[in-house]
2 protein chains.
Amino acid sequence: MSSPQPDGQSPLDPDRVASIGLLLSKLGTAVDRRLAAALEVVQLRPKHLGALSVLGGHGAVSQQALGERLGVDASAVVAIVDDLEREGLARRERDPRDRRRHAIQVTPAGERVLARGYDAAGEVDDTMLADLTAHEREQLLTLLLRVAGTDPGLDRLIRAGAIATPAR
Amino acid sequence: MSSPQPDGQSPLDPDRVASIGLLLSKLGTAVDRRLAAALEVVQLRPKHLGALSVLGGHGAVSQQALGERLGVDASAVVAIVDDLEREGLARRERDPRDRRRHAIQVTPAGERVLARGYDAAGEVDDTMLADLTAHEREQLLTLLLRVAGTDPGLDRLIRAGAIATPAR
DNA sequence: TATTGTTATACTCTATAACTATA
DNA sequence: TATAGTTATAGAGTATAACAATA
């Protein structure tokens, strides 16, 4: 093995420097895996949590609007809402003022599942951020939000509430 | 348009708190998209850059070892090495001491493409981290590395060199 | 004509199981 | 028997185009 560093410092080759982008990419997939596992108890997938999260709170939303906020294609929204409706977590209702539109409503059951989904996301945070102090978490969040702000799609997603959970 | 916020400028609801995990997940996919786009000029996909990065420097590596370090399945390694070999970026050679094993070697062309891949990753970093000072980048990297350290698979990946690029 | 939702399709990525050749 | 590599296959995610209903 290569010589390890004394404390939590990185054992990276000093001639090389880490790419934060590559690290974010790998961290993202690791989080996805953990999140998917944590959501299994609620029989939800990450995309459903994202959709419920954006829908929750905001009254009725069209599928078009939901897709824009989530940054996913309209055809993908159909599949997601199909799933939510089949599980009784959301309802499609025709918008009487524009009968092309569906107004998606989260059901009370959907709100309850959403709350449990938030718990699952909180567990993932607590597990992965266990070594960080509250101050460090705050620092990390602030920096990540600033990075996300440089990406219009991410910015929209965040403003739409896709990463917000109720204060605990 | 009966949303509580007047326009798209709404900050986060004070009654809700952002999940760093959810944010990391979304950031990861955003980075993936940008990285994939930046790598198109080299006709490389992110997974190929990851493989070349782990292979580069470490002489000959078996596909088994490569898969473990990348955290991907052996069958996926076959496809990746197939791609690299077809493009002349790596070679499979039988290990004479155990003829079941392949020793994967990066070719000089592979090293050149790897260098350009690193450039692409650097561009993604520079774009997404443009608003951060050098000190803040350092802070962010340190925090992210500590978070990654809590995940055995990520830790292995990082130690194998999957996120390292040459110092610039 | 344009827009909303829908369906069909295709391509990528990932994971699993079965097969082969070597050990 | 066990291991390294390979192949086939199935599932989920994502993106595009074509279509029906409605505006």
Side-chain angles (χ1 to χ4, degrees), chain A residues 25-26 28-37 39-40 43-51 55 60-86 90-105 153 157 162, chain B residues 25-26 28-37 39-40 43-51 55 60-86 90-105 153 157 162:
Chain A
S25 167
K26 304 303 182 187
T29 71
V31 169
D32 284 341
R33 264 194 254 263
R34 284 175 184 266
L35 188 61
L39 285 175
E40 268 181 8
Q43 289 190 303
L44 229 53
R45 289 168 186 284
K47 61 180 174 182
H48 301 121
L49 175 63
L55 288 170
V61 174
S62 75
Q63 291 186 196
Q64 195 84 5
L66 179 58
E68 272 171 28
R69 294 181 198 180
L70 288 172
V72 309
D73 192 81
S75 63
V77 175
V78 173
I80 294 173
V81 177
D82 279 353
D83 294 340
L84 295 179
E85 205 168 30
R86 192 185 328 107
R91 274 195 319 269
R92 272 187 252 241
E93 289 170 9
R94 282 286 169 192
D95 183 336
R97 300 193 300 184
D98 183 343
R99 294 186 43 73
R100 290 173 305 185
R101 281 191 160 95
H102 278 151
I104 316 296
Q105 286 270 69
L157 197 62
Chain B
S25 167
K26 305 302 182 187
T29 71
V31 169
D32 283 340
R33 264 194 253 264
R34 284 176 184 267
L35 187 61
L39 285 175
E40 268 181 10
Q43 289 189 307
L44 226 54
R45 289 167 187 283
K47 60 180 176 184
H48 302 122
L49 174 63
L55 288 171
V61 174
S62 75
Q63 292 187 194
Q64 195 84 4
L66 179 58
E68 271 170 29
R69 294 180 199 180
L70 289 172
V72 310
D73 193 80
S75 63
V77 176
V78 174
I80 294 173
V81 177
D82 279 352
D83 295 340
L84 295 179
E85 205 168 32
R86 191 183 330 108
R91 274 196 319 268
R92 274 188 252 241
E93 289 170 9
R94 282 286 170 193
D95 182 337
R97 300 194 299 182
D98 182 343
R99 295 186 40 76
R100 292 173 303 184
R101 280 192 161 92
H102 278 150
I104 316 296
Q105 286 271 75
L157 197 61

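Note on naming: letters A, B, ... go to the chains in the order of the sequence lines (proteins, then strands), and numbering restarts at 1 for each one.
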With A:Val72 as reference, evaluate A:Val77, A:Leu157, A:Leu66 under the side chain to side chain contact (heavy atoms under 4.5 Å, CB included) test and give the passing residue.
A:Val77
According to salt bridge (charged side-chain N to carboxylate O under 4.0 Å, His left out), who are the partners of A:Arg99, at least two apart in sequence or on a separate chain?
none
In whole angstroms, the gap separating P of C:dT6 from CD1 of A:Ile80 amounts to 13 Å
B:Leu84 side, atom CG; B:Lys47 side, atom NZ - distance, nearest 0.5 Å
10.0 Å
For nucleotides 12-23 of chain C, give me one character per nucleotide, 5' to 3': B if any protein heavy atom sits under 4.0 Å from the base, S if the only such contacts are to the sugar-phosphate, - if neither.
SS-SB-----BS
Please determine if a side-chain N or O atom of B:Gln63 lies less than 4.0 Å away from the OP1 or OP2 oxygen of D:dA4.
no
Check the phosphate of C:dG5 against A:Gln64, side-chain N and O only, distance under 4.0 Å to OP1 or OP2. Yes or no?
yes
Once salt bridge (Lys or Arg N to Asp or Glu O under 4.0 Å) is applied, what residue pairs with a partner in residues 71-83 of chain A remain, sequence neighbours excluded?
A:Asp82-A:Arg92, A:Asp83-A:Arg86
Find the distance A:Arg101:CZ to D:dA23:P and express it as a whole number of Å.
11 Å
Closest heavy-atom pair, A:Ala60 versus A:Gln105, reported as atoms and distance to 0.1 Å, is N-OE1, 3.5 Å
Interatomic distance, A:Asp32 CG vs D:dT14 C1' [rounded to whole Å]
14 Å
For A:Glu93 and C:dT4, give me the distance from atom CD to atom P, rounded to whole Å.
19 Å
B:Ser75 OG to B:Gln63 CD distance, which is reported to the nearest 0.5 Å:
11.0 Å
From CG of B:Asp82 over to P of D:dA8, roughly how many Å is that when rounded to an integer?
12 Å
How long is the line joining CD of A:Glu68 and C1' of C:dT3, in whole Å?
12 Å
Nearest whole angstrom, please: distance from the P of C:dT6 to the CG of A:Leu66.
12 Å
